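Scope of the values below: all heavy atoms of this structure, side chains included, with no hydrogens, waters or symmetry mates. From a predicted model like this one, the values you see are computed outputs, not experimental measurements.
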Amino acid sequence: AAARAVMGAVMGGQFEPVDQHILKDMLPASVGDLKRNKSEANKVAMGEFKIAKAEAGYSDSQNHNIDLTLTDTGGAQMFGALAAWASVESESDSDSGYEKMSKVDGRPTHEKFNKNGMNGEYSVVVGNRFLVEAQGQQVDMAALKQAVASVDFNKLESMKNDGAKK
């Protein structure tokens with residue numbers, strides 16, 4: 001029983017994920033000059049591990065594209081890089097681009113950019129539970145950061161204890 005409780009705490013979240021449609025409604029109709037051209041929301045469960053996710057795509061006629069994703073991990077400690085981001089800060093740079101893990105306003109962030117292809121990604125963990133990610137092609141890092149910032153972090157913070165498991 002103790003081992004199962006430990007595995008539940010590690011693999012499963014401490015919270016039921018919020019409804020995926022709530023997350024979808026938090027994604028903006030546009031990001032800068034890019035208009036939303038697709039959106040979807042889903043919830044996935046594998047045993048005790050549950051996530052809710054909403055995604056939207058944005059583009060313009062010049063092939064500038066950004067995909068914005070909002071994921072509720074339910075507070076699962078082992079979800080991807082969430083646990084690592086909490087304590088790691090690193091930076092690497094090359095002629096073709098850079099990658100950096102740091103904190104902005106106390107929130108773990110990850111950014112990666114390829115200068116040659118003008119593509120990259122920017123992610124922020126909010127409330128130790130929500131992952132806001134932007135991936136883009138033919139855009140600069142400022143556009144990716146703008147996309148992520150278009151999601152209401154204060155609303156996410158206010159939902160971080162929603163769905164608490166007893």
Side-chain angles (χ1 to χ4, degrees), residues 13 17-45 50-76 79-86 88-160 162-163:
V18 299
D19 185 277
Q20 67 270 27
H21 298 101
I22 292 172
L23 299 179
K24 185 178 174 187
D25 290 344
M26 292 181 68
L27 298 173
S30 62
V31 174
D33 293 333
L34 306 181
K35 302 294 180 223
R36 185 170 59 205
N37 57 23
K38 63 181 178 177
S39 65
E40 65 180 67
N42 55 61
K43 191 176 276 192
V44 178
K50 299 175 185 174
I51 63 168
K53 184 165 141 177
E55 301 174 80
Y58 304 85
S59 63
D60 66 13
S61 59
Q62 284 81 43
N63 291 323
H64 301 109
N65 296 291
I66 293 178
D67 290 322
L68 184 60
T69 306
L70 176 52
T71 305
D72 180 1
T73 67
F79 188 79
L82 289 181
W85 281 356
V88 173
E89 292 191 28
S90 69
E91 189 168 349
S92 61
D93 201 346
S94 71
D95 292 341
S96 63
Y98 69 91
E99 185 167 9
K100 179 166 56 170
M101 293 174 69
S102 60
K103 289 193 177 185
V104 175
D105 297 328
R107 296 182 179 105
T109 64
H110 173 253
E111 62 185 272
K112 184 177 182 178
F113 195 74
N114 178 333
K115 298 173 192 170
N116 298 331
M118 287 294 290
N119 60 64
E121 55 192 69
Y122 183 70
S123 307
V124 178
V125 178
V126 180
N128 294 318
R129 172 176 174 173
F130 300 98
L131 181 61
V132 185
E133 306 172 89
Q135 295 183 337
Q137 296 80 40
Q138 300 302 313
V139 295
D140 59 17
M141 183 54 69
L144 296 173
K145 288 181 177 183
Q146 178 185 16
V148 167
S150 70
V151 174
D152 187 344
F153 290 176
N154 290 330
K155 183 172 182 178
L156 288 176
E157 289 280 358
S158 76
M159 298 186 325
K160 71 181 178 183
D162 287 2

Between Lys38 and Asp67 (salt bridge meaning N to carboxylate O under 4.0 Å), is one present in this structure?
yes
Legend entry - Pair Ser59-Asn37, side chain to side chain donor-acceptor pair (under 3.5 Å): steps then yes or no: CA-CA 7 Å; Ser59 63; Asn37 57 23; 2.6 Å; yes
Exercise. Is any side-chain heavy atom of Lys53 less than 4.5 Å from a side-chain heavy atom of Leu70?
Worked result: no
| request: Return yes if some donor-acceptor pair links the side-chain N/O of Arg36 with the main-chain N/O of Pro28 below 3.5 Å, else return no. | output: yes
request  = Check the pair Val124 / Val104 against side-chain contact (heavy atoms from CB on, under 4.5 Å), numbers first and verdict last.
outcome  = CA-CA 8 Å; Val124 178; Val104 175; over 6 Å; no
Closest non-hydrogen contact found for Met141 with Lys112 is CE-O, 3.6 Å
Note: Lys24 and Ser39 closest approach over all heavy atoms is CE-OG, 3.2 Å
Asp93 and Gly97 have their tightest heavy-atom pair at OD1-O, 3.1 Å
- Message: Could you check whether any side-chain N or O of Asp60 sits under 3.5 Å from a backbone N or O of His64, counting only pairs where one atom can act as donor and the other as acceptor?
- Response: yes
In terms of heavy-atom contacts, Ile22 and Met159 come closest through CG2-SD, 4.2 Å
(message) Could you check whether any side-chain heavy atom of Asn65 comes within less than 4.5 Å of a side-chain heavy atom of Val139, counting everything from C-beta outward?
(response) no
Intermediate values then yes/no, side-chain contact (heavy atoms from CB on, under 4.5 Å), Lys35 and Ser30: CA-CA 4 Å; Lys35 302 294 180 223; Ser30 62; 4.0 Å; yes
(Q) Other residues, nucleotides and ligands only: do more than 12 of their heavy atoms fall within 6.0 Å of CG on Asn116? (A) yes
Looking only at heavy atoms, the pair that brings Lys50 and Pro17 closest together is O-CG, 3.5 Å
Lys155, NZ: over 12 other non-hydrogen atoms inside 6.0 angstrom: no
Worksheet item: Does a side-chain N-to-carboxylate-O contact under 4.0 Å join Glu157 and Arg129?
Response: no
Across all chains, not counting sequence neighbours, the salt bridge (charged side-chain N to carboxylate O under 4.0 Å, His left out) partners of Lys145 are Glu111
CZ of Arg107 to OG of Ser102, rounded to nearest 0.5 Å, is 13.0 Å
Tyr122 side chain vs Thr109 backbone, donor-acceptor pair below 3.5 Å
no
Does the pair Phe113 and Lys100 meet the rule for a side-chain contact (heavy atoms from CB on, under 4.5 Å), with working shown?
CA-CA 9 Å; Phe113 195 74; Lys100 179 166 56 170; over 6 Å; no
Can you check whether Glu133 reaches Thr71 side chain to side chain, under 4.5 Å on heavy atoms? yes
| message | Looking at Asp72 and Val18, would you say the former's side chain and the latter's main chain have a donor-acceptor pair under 3.5 Å? | response | yes
Any donor and acceptor pair, going by atom type alone, linking the side chain of Asn154 with main-chain N or O of Asp152 inside 3.5 Å? no
Output for pair (Glu121 CD, Gln137 CD), nearest 0.5 Å, gives 10.5 Å
Distance col, row Tyr58:OH vs Ser150:OG, nearest 0.5 angstrom, shows 6.0 Å
Nearest heavy-atom contact between Val31 and Ala143 is CG1-O, 4.3 Å
Value for OG1 (Thr69) from CG (Leu23), rounded to nearest 0.5 Å, stands at 11.0 Å
In this structure, CG of Asn119 is separated from CG of Leu144 (nearest 0.5 Å) by 9.0 Å
| query | Would Glu99 and His110 count as a side chain to side chain donor-acceptor pair (under 3.5 Å) if you check the C-alpha gap in whole Å, the side-chain angles of each, and the deciding distance to 0.1 Å? | reply | CA-CA 8 Å; Glu99 185 167 9; His110 173 253; 2.7 Å; yes
So CE of Met26 and CZ of Phe153: to nearest 0.5 Å the spacing works out to 9.5 Å
